[in-house]
Amino acid sequence: MRLAVNIDHFVTLREARKGTEPEPVLVALLAEQAGADGIVCHIRRDRRHIKERDLRLLRETVKTKLNVEMAATEEMKKIALAVRPDVVSLVPERPEELTTEGGLSVAANRRALDRHVKALRKAGIRTSIFIDTSPDEIAAAGDVGVDLIEINTGKYADRKPGRARDRALGAVRRAAEYARSIGLEVHAGHGLDYRNLGPIIAIPEIEELSIGFSIVARAAVVGIDRAVREMTALLR
Ligand code: PXP
């Protein structure tokens with residue numbers, strides 16, 4: 001099980017004072033040194049945290065794998081083609097949202113996504129779609145030609161241990177099994193933390209987790225090196 005560390009909220013801290021610290025490149029390199037298998041960040045239309053400058057520098061410095069989350073818009077496609085991350089994760093985006101609220105609607109946007117994914121593929125960029133657990137949506141992602149999907153674990157993570165959480169976990173497990181059966185690499189993420197990720201790690205089809213907020217929150221208390229090492233120890 002690989003760990004991709006989402007560094008957005010370190011950058012939220014920088015933007016709280018519109019200054020220069022913490023420097024995302026430093027954060028990314030420290031996370032890699034502590035064992036992260038990849039670095040994730042989200043460039044939003046409103047540039048509320050990550051900006052083009054950050055992407056350029058991260059592209060030059062990240063040695064593991066740079067995964068950039070973005071909406072499937074023309075503006076973002078241009079940025080992806082200029083920066084050339086290892087992976088582009090297509091996510092839905094609502095301007096007022098605090099964080100990504102759910103998976104992308106793939107079936108309803110199949111034609112546009114098809115063109116988008118083809119353009120990124122042609123440039124040698126692997127593509128991912130952040131997706132809820134519906135098999136129809138996962139099948140549509142397969143049709144669109146992405147290399148992998150990231151299953152939204154938000155519904156699971158939002159619930160306390162109990163029946164409703166077990167149901168949400170079952171949906172994630174079935175989605176992972178189905179996606180793997182149609183040849184997609186399977187990642188998962190959203191809302192995962194040091195306490196709730198055990199049952200998700202136990203799903204053998206899931207190869208990588210994308211975790212942000214809980215690592216940043218822990219890093220504020222114990223430092224990024226220890227926060228990432230604690231998380232990788234849990235995964236491995
Ligand atoms: N995956 C996607 C697609 C996301 O948008 C986010 C949040 O930016 C994450 C994973 C990480 O979620 P969290 O910050 O809750 O760990």
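Whatever order the structure lists ligands and atoms in, that order sets their numbers, starting from 1.
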Atom 1 (N) of ligand 1 - nearest protein heavy atom and its distance
Glu150 OE2, 2.5 Å
Note the single closest protein heavy atom to atom 6 (C) of ligand 1, along with its residue, its atom name and the distance in Å.
His190 CD2, 3.6 Å
Given Val146, Leu148, Asp147, the one that forms side-chain contact (heavy atoms from CB on, under 4.5 Å) with Glu185:
Leu148
Linking I/L/V/M/F/W/Y whenever any side-chain heavy atoms sit under 4.5 Å apart, do Val40 and Leu197 land together?
no
Going by heavy atoms, is Ser214 under 4.0 Å from ligand 1?
no
Tell me: protein heavy atom nearest atom 7 (C) of ligand 1, and distance?
Thr99 OG1, 3.7 Å
Not counting sequence neighbours, which residues clear side-chain hydrogen bond (donor to acceptor under 3.5 Å, both in side chains) with Asp225? List them please.
Arg229
For ligand 1, indicate whether the residue Glu69 contacts it via side chain, backbone, both or neither (heavy-atom separation under 4.0 Å).
side chain
In this structure, atom 16 (O) of ligand 1 is nearest to the protein heavy atom Gly212 N, 2.8 Å
If we count only N and O atoms by modelled type, under 3.5 Å, do the side chains of Glu93 and His42 hold a donor and an acceptor together?
yes
Does this structure show an ion pair linking Asp54 with Arg47, if we count only N-O contacts that are shorter than 4.0 Å?
no
Looking only at distances, please establish whether an N/O atom of ligand 1 is found under 3.5 Å from an N/O atom of Leu192.
no
Taking only heavy atoms of Val91 into account, list the atoms of ligand 1 that are under 4.0 Å away from them.
3 (C)
Under 3.5 Å: N/O of Phe213 near N/O of ligand 1:
yes
Take the angle between the ring planes of His190 and Phe130 and call it parallel below 30°, perpendicular above 60°, tilted in between.
tilted
Salt bridge check, Glu96 against Arg44: does any charged N sit closer than 4.0 Å to a carboxylate O?
no
With the threshold set at under 4.0 angstrom, would you say Gly191 reaches ligand 1 through any of its heavy atoms?
yes
